[in-house]
Participant: 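Sharing a structure here in structure tokens format.
On a predicted model such as this, the values are computed, not experimentally measured, just so you know.
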Amino acid sequence: MEATGTRTINGEDLAVGCFISMMTTLGEEIDGQILAFDKPSNILVIQEGRTNANKSQPSIRRNVRLLKAGYIRDFTLLGRSDEDPLDVKQCFVDLNGLRAREDSAMRQAEMEAERIGVGVTSEAQSIFDALSKTLPVRWDKTAIILMNEVRVSSPYLPENVSGGTAAANERVKKVLEFERKRLNTRQ
């Protein structure tokens, strides 16, 4: 992308660093600073929002949009900036926020990985997935543990249900029987 070029729209030159307010052909209003323009693809790169007036404290979050210049219906030049909008000294990365997002993604991935049985058949995994929609479940090697008390062992039939109270056993047997019937009708 051309970082130093200009683009003429309606007779006005838009250079990198200009602040503009524009209306797209879809009726969306966008305010921001031009970061770059790529002539071959006719794409304008815009950092949404105005930069913080307090130069010692940069904006915390930056949204960058790529927009085909042909989709700009109307625009207003709000001002020009002598500063380089891509100056790395002006950029701010919220490391704590990034770490929190990483931790959250790792926890989510671990939770999803725990839901995948190791050494089980695809039928067993399908039964587990179906049971997990109605009851709290987890794997204990190849056995499915429901409600932290009832165990369903391979081959995952109602007669393979053990542990827990009689009421919990009956509930799990009914749900298991229903889910097995439902899975068999899909195949």
Side-chain angles (χ1 to χ4, degrees), residues 1 22-33 35-36 38 40-49 58-72 86 88 91-187:
M1 292 210 177
M22 69 179 85
M23 182 67 70
T24 69
T25 56
L26 301 173
E28 184 179 9
E29 188 174 340
I30 301 171
D31 292 340
Q33 184 178 25
L35 298 182
D38 181 51
S41 63
N42 203 29
I43 291 179
L44 195 61
V45 181
I46 302 162
Q47 175 181 292
E48 288 186 294
S59 298
I60 292 178
R61 192 172 282 240
R62 294 183 178 193
N63 290 331
V64 176
R65 301 268 303 255
L66 286 88
L67 180 71
K68 282 279 215 185
Y71 286 102
I72 300 173
L86 301 175
V88 294
C91 293
F92 174 77
V93 177
D94 180 10
L95 292 177
N96 291 332
L98 288 176
R99 286 186 187 111
R101 286 178 61 193
E102 178 187 30
D103 290 344
S104 174
M106 291 298 291
R107 280 192 305 275
Q108 182 66 30
E110 288 169 358
M111 286 172 40
E112 289 173 10
E114 287 174 1
R115 300 182 60 78
I116 298 172
V118 178
V120 299
T121 64
S122 60
E123 180 188 37
Q125 185 64 52
S126 294
I127 291 170
F128 179 92
D129 293 340
L131 290 171
S132 71
K133 293 176 185 174
T134 57
L135 297 168
V137 297
R138 65 180 169 83
W139 285 106
D140 181 22
K141 297 183 180 147
T142 60
I144 300 173
I145 308 297
L146 296 102
M147 302 180 298
N148 283 329
E149 59 180 289
V150 180
R151 173 183 291 277
V152 182
S153 302
S154 181
Y156 312 103
L157 298 169
E159 51 268 16
N160 300 108
V161 174
S162 62
T165 64
N169 264 350
E170 287 306 311
R171 179 173 180 211
V172 169
K173 285 179 184 180
K174 284 181 184 177
V175 172
L176 180 61
E177 196 173 302
F178 173 76
E179 293 301 341
R180 287 190 69 86
K181 283 180 186 174
R182 203 171 66 141
L183 289 170
N184 287 334
T185 58
R186 280 193 214 165
Q187 295 172 351

Participant: Can you check side chain to side chain contact (heavy atoms under 4.5 Å, CB included) on Trp139 and Ile145, steps first, answer last?
Facilitator: CA-CA 6 Å; Trp139 285 106; Ile145 308 297; over 6 Å; no
Participant: Mind checking what makes salt bridge (charged side-chain N to carboxylate O under 4.0 Å, His left out) contact with Arg180, not counting sequence neighbours?
Facilitator: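 Expected list: Glu123.
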Participant: Side chain to side chain contact (heavy atoms under 4.5 Å, CB included) with Phe178: which residues, sequence neighbours excluded?
Facilitator: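 Expected list: Arg182.
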Participant: Could you state the interatomic distance from CD (Glu28) to CZ (Arg65), rounded to the nearest 0.5 Å?
Facilitator: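 One finds 4.0 Å between CD of Glu28 and CZ of Arg65.
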Participant: Nearest 0.5 Å, what's the CD-OG1 distance between Glu29 and Thr24?
Facilitator: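 That separation rounds to 9.5 Å.
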Participant: Restricting to pairs with a member in residues 129-139, which pass salt bridge (charged side-chain N to carboxylate O under 4.0 Å, His left out), not counting sequence neighbours?
Facilitator: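 Output for this query is empty, none listed.
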Participant: How far does CD1 of Ile72 sit from CD1 of Ile30, to the nearest 0.5 angstrom?
Facilitator: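 Rounded to the nearest 0.5 Å, the CD1-CD1 separation comes to 8.0 Å.
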Participant: So which atom in Val172 and which in Val152 form the shortest heavy-atom distance, rounded to 0.1 Å?
Facilitator: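 Nearest pair, atom of Val172 first, then Val152: CG1-CG2, 4.0 Å.
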Participant: Can you tell if the side chain of Leu157 reaches within under 4.5 Å of the side chain of Asn160, non-hydrogen atoms only?
Facilitator: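 Heavy-atom side-chain distance check passes, below 4.5 Å.
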Participant: Show which side-chain atoms of residues 97-115 pair as donor or acceptor with protein atoms under 3.5 Å away, not counting sequence neighbours.
Facilitator:
| from | atom 1 | to | atom 2 | distance (Å) |
| --- | --- | --- | --- | --- |
| Gln108 | NE2 | Glu112 | OE2 | 3.0 |
| Arg115 | NH2 | Ser132 | OG | 2.5 |

Participant: Can you pull out every salt bridge (charged side-chain N to carboxylate O under 4.0 Å, His left out) where at least one residue sits in residues 145-164? Sequence neighbours excluded, please.
Facilitator: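 Those involving residues 145-164 are Asp140-Arg151.
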Participant: Would Arg171 and Val150 count as a side chain to side chain contact (heavy atoms under 4.5 Å, CB included) if you check the C-alpha gap in whole Å, the side-chain angles of each, and the deciding distance to 0.1 Å?
Facilitator: CA-CA 10 Å; Arg171 179 173 180 211; Val150 180; over 6 Å; no
Participant: Are any of the side-chain heavy atoms of Lys181 and Glu177 separated by less than 4.5 Å?
Facilitator: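 Counting from C-beta outward, Lys181 and Glu177 do come under 4.5 Å.
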Participant: Using 0.5 Å steps for rounding, measure from the CG atom of Leu146 to the CZ atom of Phe128.
Facilitator: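 So the gap between those two atoms works out to 8.5 Å.
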Participant: Hey, could you give me the CG/CE distance between Leu67 and Met22, rounded to the nearest 0.5 Å?
Facilitator: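 Leu67 CG to Met22 CE: 6.0 Å, rounded to 0.5 Å.
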Participant: What do the steps show when you test Ile127 against Glu179 for side chain to side chain contact (heavy atoms under 4.5 Å, CB included), and what is the final call?
Facilitator: CA-CA 7 Å; Ile127 291 170; Glu179 293 301 341; 5.6 Å; no
Participant: For Tyr156, what residues pass the ring pair (Phe, Tyr, Trp, His ring centres under 6.0 Å) criterion, not counting sequence neighbours?
Facilitator: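 For Tyr156, no residue satisfies ring pair (Phe, Tyr, Trp, His ring centres under 6.0 Å) once neighbours in sequence are set aside.
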Participant: Without swapping roles, check the side chain of Gln125 against the backbone of Val120 for a donor-acceptor pair under 3.5 Å.
Facilitator: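 A pair under 3.5 Å: no.
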